[in-house]
There are 2 protein chains.
Amino acid sequence: MFGDVVLGIDHDAFEHEIVQLKQRAGVKFDCELDASHLRELVAAYKGVYRRHNLALPQDPWEQLRMGIDAVFRSWNIPRAVKYREINKITGLKGTAVNVQAMVYGNYNSGNGASGTGVLFTRNPATGENKLYGEFLMDAQGEDVVAGIRTPLPIADMSAIMPEIYKELHDTVKGLETHMKDMQDTEFTVQDGRLFMLQTRNGKRTGVAALRVATEMEREGLVTADEAVLMVEPRHLDQLLHPMFVNEKAYAKDVFAKGLAASPGAAVGKIVFTAEAAEAAAKAGEHVILCRTETSPEDVGGMHAAEGILTSRGGMTSHAAVVARGWGKPCVCGCEDLAIDEKRQIITVSSTGKEFKAGAYISINGTTGEVVKGAQPVAKPSSESGDLSKFMKWVDARRRLKVLTNADTPEDARVALSNGAQGIGLCRTEHMFFATAQRIAAVRRMIAAVELHSPAADEALAELQKYQQTDFEGLFRAMDGKPVTIRLLDPPLHEFLPQADDVTACGACGSALGRLCDQLAPELGVEPGVVQSKLEALRETNPMLGLRGCRLGVLYPEITRMQVRAIIEAAANVTREGCRVHPHIMVPLVALEDELTHQAKLIRETAAEVVESLGAPVEFKVGTMIEIPRGALRAGDLAKTAEFFSFGTNDLTQTTMGISRDDAQAKFLGYYIKHGILASDPFETLDTVGVGELVRIAVERGRATRPGIELGICGEHGGDPASVAFFNDVGLDYVSCSPLRVPIARLAAAQAALRAKAEAASK
Amino acid sequence: MFGDVVLGIDHDAFEHEIVQLKQRAGVKFDCELDASHLRELVAAYKGVYRRHNLALPQDPWEQLRMGIDAVFRSWNIPRAVKYREINKITGLKGTAVNVQAMVYGNYNSGNGASGTGVLFTRNPATGENKLYGEFLMDAQGEDVVAGIRTPLPIADMSAIMPEIYKELHDTVKGLETHMKDMQDTEFTVQDGRLFMLQTRNGKRTGVAALRVATEMEREGLVTADEAVLMVEPRHLDQLLHPMFVNEKAYAKDVFAKGLAASPGAAVGKIVFTAEAAEAAAKAGEHVILCRTETSPEDVGGMHAAEGILTSRGGMTSHAAVVARGWGKPCVCGCEDLAIDEKRQIITVSSTGKEFKAGAYISINGTTGEVVKGAQPVAKPSSESGDLSKFMKWVDARRRLKVLTNADTPEDARVALSNGAQGIGLCRTEHMFFATAQRIAAVRRMIAAVELHSPAADEALAELQKYQQTDFEGLFRAMDGKPVTIRLLDPPLHEFLPQADDVTACGACGSALGRLCDQLAPELGVEPGVVQSKLEALRETNPMLGLRGCRLGVLYPEITRMQVRAIIEAAANVTREGCRVHPHIMVPLVALEDELTHQAKLIRETAAEVVESLGAPVEFKVGTMIEIPRGALRAGDLAKTAEFFSFGTNDLTQTTMGISRDDAQAKFLGYYIKHGILASDPFETLDTVGVGELVRIAVERGRATRPGIELGICGEHGGDPASVAFFNDVGLDYVSCSPLRVPIARLAAAQAALRAKAEAASK
């Protein structure tokens, strides 16, 4: 330590000597070295000093002074400066140095008056209010860690040294009362006298966090405000999703790691096709659908599976988005796996291990781990008892509303039961993927969209019927709560078979060819016409291509169809006695005239429907802010938009110039690992870059239209750190996937409490 | 007119009646209708009024009053309001109305004292200071337009009515002196009395503009400042590029229109392959290389051809970028053409016309027109005589420096002769495309880049040698002027054969397969290893993918190789007695740590080279601002960057969320046509969106580092309207392609003069 920390000699130089010595001595642990070994070691260490032209000062006071200097110096090393910068730790003058005498738990070994141990004031696994820990007689902390002797449960100490145990009990309970949280402590007893070495707030499971917080409030130790701050959002994650009983237990069986795309634990047999998944599910079997990538054709099988595993695609890949919508565990972009659907085999590239169809695997969508065998899973809690009481505290303390991203009445119902206050994002295109008929109709529409043929009209009419049914379901489910519907957003080629679909012959695009052969007679044209139409949809950078409102501007018939479906559905459900508040949202707006064009079309179409049905429908028209220019020109957009919803996924992509799917595997991982990025900007909002555009848009939007409704519907809506930013920047709501709603509620409450505390401290 | 403009009846309703009447009467021109026809027409027009429940007021004063009202009303129609908004016309209270009596050029027909004509005060084609125009005795203006009778040259009028002619001459010369510009006038002589109907500044050719401006200055009519403002930047375009002698003459032979990708006129025989182009050029033939798209393999043939025509790809496609660099005419993205390289035939999709190899065509890179046959071409002027004098005025009046984008010593020399003050952008990757050996070395580097194999080292060493030679050439050519070198920018897969290369079998990617077979033995690995490496480079959105500084961060060996080449080249050329100022530019920076990472690598590598060579080299390190986040965080970036160069092409793509290549054909054209966008944001900077980010970055960059050098190297650097913005926002320089340098110089001077005038008027 001294040579390393104080004099700056590389720690490895010392480590090398002791390792060699232990080899020579044939021992495993440092404590097995005898006095002559230690003499030898001292000589070797002195050699290390000599080789560095340094010496260990022989005066202990000189050693102490140099040690203290080293701690003071550590305040200004680049790593520490950077750490303070990142964590915005300012206004401190330097670090303090504590100088303490050592105590020895192995003092006077054998007389039963010395020992050492670790202790939690409550059970960190269950939260039970009972001391939890272990101790070892005649030992130092290092011996506990080394694992040579087995420590005893802390309760046994009351028999061995009853008075010390009582003193320990009272001391740690006093610490708990003082610190207002469950404590994780270390202690040493030296010759009958108790010394507390350390105390800190203890880490705990979700179950324990909830129990500790609610019980401490009941005991009068903390206020409800404080209790709300004691449960971390990730604790709720553990409470609400099925989790593996013990994530540490399966460590040796983890054979790959991918992206934690949709949280929760899932266990099942490997299947490689959607058909196999559906068949197995019908037969009552649990399966994990394993595919290179998923496509719209796979939705049936994805729904039937317990979980989804892919080797390609990022956090916004088809598999990830669909799975999150359903709250189904998913691990994606697992690049170390070669998933061969033809040969029905998964090969782990780095190790060569193989897994065949029918073998059991477990996937952890919260961590991205892929595990051999069927690992035991614990069921999630429901929002009752302590949890229900806790969430009432949470809701009473937050300013931000929490809405949900939901594409189906099923999603909506899950979200409602999780406390969602409306739908902040309904992605109408997801409805298109729901059944084979629907996707077929979409493809007819796409292939014909400029021809204004009867086939196109028929396809649009069919889609309108589907959408209307879905919207009616959503409106009924959300009775009285706002339902924000985004008009068609993705590039049209996303609805076509992928060129590199493995079921196609090579990469010849024959899946597309077959589709053309099928569509041509339906549309009454030659296959070549369909093919050139569909091929023309290909784009070099689809993210920046013909999508969002650009589709609606070029193909007003799509916007009209969607608006008719929304307004007719609203009228029908209103007639049933429900209250309906549709918010119609125009995506990807960069130019004021894009929005005015679409808003005019929406209002005209709605007026036509209202007139023909003779039933008034109230609705709002707003826009997504997901392009930097849209944020900068928010003042103009607010002239037309009655609400803004920040699409922070796309806004992050364009503001940072990062294609999420490409980046994750290619350089984002490297950037995060090497500290070029502090965190994944698609998980936690980049507040100083993307966040500045959000702030600008909020200010300019409100300046034009003071009452404008402002929310966010990117995945950041479920990320606690980002929710805190959205609270501070003054949004009205966040919208997130149904299963993240409770987490967002908690994050919003904590953000509000922290903002209040900060305001009070000023 | 009255029914249409004053009463709002659709003009077509009247037009329909007169068209029908002329058919019935069997005449072609309105003036051929006789009195009875006109009586019939009046009745028909009255019918139109009746059908609209309106009547023509019979009191002429009432008609006049209503007419005046209509003009006043026109001030507030949406189109006029929008027009004033777009053109920032503010502070006006309304429009004026002039009420004038008609005069008649056909008064007392036959007595030789009436007539009408149009007249330029100087020759609008050549600029010669001599009246230019035509007149018609006993006629109204409409008769001149109708073209039934052939007008006489204006000079003939001096014989027919000498006194009137003298009066006309003195009047128009007086108008010219008053308006301080060449005038385009209309006049009528009624019964021996001259009336001037209209005067306005006359449109003119580039040659005429230059002559008029310099002669008027010599004549003392205008100051040099005013003369500089009289020549439009597009006039210089005409003077400096080979142009068609008469663009109107070939109108009927235009068979397609594409993007005006690189200006100038080119004529040659159709060839379909690079090999054919090179062979024909060797044989002394002029050819136009026609391809669906070009790729790096085509550069030899592109260089040999007079011009390049493609059916796919936008303004930044390979063909467009390479052609502009060379100043070679290019029309690209000509979507109406099916260019079938196999069958050696071009088919015009809309008309079915076909053109075979060997047929002559002409392409106009200034307008995008593709024309049948060999159209006559005029040679460009060189910067001498009047032009040289004029450009001296220009240079004395501008604040902005004008640099050039140049990738080769040849480019650099062209730019220097056009007045470039340095290189603002050298795209090192373009050097990689220059020869087959180079691209082969690049491909070996890419395929091996992570293997750290001897093959990779060898490829890097070879590339360093090529780059060093090129840099030496550039440094020598620019002796003493700054040379800004951008480190490798494009995604690596751009150096690979394209998957949809038409020479490959279908879309099976076998061109890539062949490359893998060839690279594998060179790298000493299996073809499968190379293939999976190269396939992994594919990206969904390459624009937002692994490119720019991200490459340099992940593969520091590429940055090191490039820096070594730059510094060694600089040391060598310095030793020859030249002065060298390399500016090393890190592209696509979004994060501060990307820049600090690369800057550290650059400075360390440079220090190594300097130490090993023992010769000091001064250089600057800076960054491109081409990502919105980079602009927003410019204050941080300026801590490290000694200069910023705005990459407004990419900044426009990310700020507006538009992929240029995809957008141009898919929706940008539609947007511009329908007024959703006022102009193409890739031609003229979107000043209120993208421009705001430029402004923010300028302010924040200067706040951190007051002396920071600021420039722009996107294609907007050659666009006059954008140059005016860059002048106003306070940049130090613009950089543009070599042939646009004189235009940028003029635009910079005009911007400075206008800014001065605006400041004086405040």
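Numbered from 1 within each chain, the chains take letters A, B, ... in sequence-line order. Just so you know, these numbers come straight off a predicted model, no measurement behind them.
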(message) Counting heavy-atom pairs closer than 4.5 Å to chain A, which one of B/E539, B/R550, B/H597, B/E594 comes out on top?
(response) B/R550

(message) Just verifying a value: how many Å separate B/L595 CG and A/I676 CD1, rounded to the nearest 0.5 Å?
(response) 11.5 Å

(request) Before giving the answer on side-chain contact (heavy atoms from CB on, under 4.5 Å), spell out for A/L591 and B/M656 the whole-Å C-alpha distance, their side-chain angles and the decisive distance to 0.1 Å. (result) CA-CA 8 Å; A/L591 305 167; B/M656 304 186 77; 3.8 Å; yes

(request) Step by step, work out the side-chain contact (heavy atoms from CB on, under 4.5 Å) result for A/L546 and B/Y670. (result) CA-CA 12 Å; A/L546 179 51; B/Y670 182 96; over 6 Å; no

(request) Could you check which of A/T655, A/V690, A/T596, A/V553 has the highest count of heavy-atom pairs closer than 4.5 Å to chain B? (result) A/T655

(request) Test side-chain contact (heavy atoms from CB on, under 4.5 Å) on A/L544 and B/L544 and set out the steps. (result) CA-CA 9 Å; A/L544 308 176; B/L544 307 176; 4.1 Å; yes

(request) Could you have a look at A/D636, A/L677, A/L632 and say which one has the most heavy-atom pairs with chain B under 4.5 angstrom? (result) A/L632

(message) At a 4.5 Å cut-off on heavy atoms, which part of B/R633 comes close to chain A: side chain, backbone, both, or neither?
(response) side chain

(message) Please determine whether a side-chain nitrogen of the Lys or Arg among B/E692 and A/R700 lies less than 4.0 Å from a carboxylate oxygen of the Asp or Glu.
(response) yes

(request) Tell me, out of A/L537, A/L668, A/D686, A/L693, who's got the most heavy-atom pairs with chain B below 4.5 Å. (result) A/D686

(message) Please report the interatomic distance CZ(A/R312) to OG1(B/T540), rounded to the nearest 0.5 Å.
(response) 8.5 Å

(message) I'd like to know if the side chain of B/D662 reaches the main chain of A/N541, judged simply by a donor and an acceptor atom lying under 3.5 Å from each other, with no hydrogens or angles considered.
(response) yes

(message) Could you check whether atom NZ of B/K600 has more than 12 heavy atoms from other residues, nucleotides or ligands sitting under 6.0 Å from it?
(response) no

(message) If we ignore hydrogens and angles and just use 3.5 Å, is the side chain of B/K666 paired with the main-chain N or O of A/A536 as donor and acceptor?
(response) yes

(message) Distance check, rounded to the nearest 0.5 Å: B/H674 atom NE2 versus A/L554 atom CG?
(response) 8.5 Å

(request) Kindly compute the distance separating CD1 (A/I658) from CE (B/M543), expressed to the nearest 0.5 Å. (result) 14.5 Å

(request) Mind checking the CZ-CZ spacing from A/F667 to B/R547? Nearest 0.5 Å is all I need. (result) 10.0 Å

(request) Provide the closest heavy-atom pair for A/R629 versus B/V688 in the form atom of the first, atom of the second, distance. (result) NH2-CG2, 3.3 Å

(request) Provide the closest heavy-atom pair for B/D593 versus A/G675 in the form atom of the first, atom of the second, distance. (result) OD2-O, 3.4 Å

(message) For the interface with chain B, which of A/G548, A/G689, A/P542, A/A631 has the highest count of heavy-atom pairs at distances below 4.5 Å?
(response) A/P542

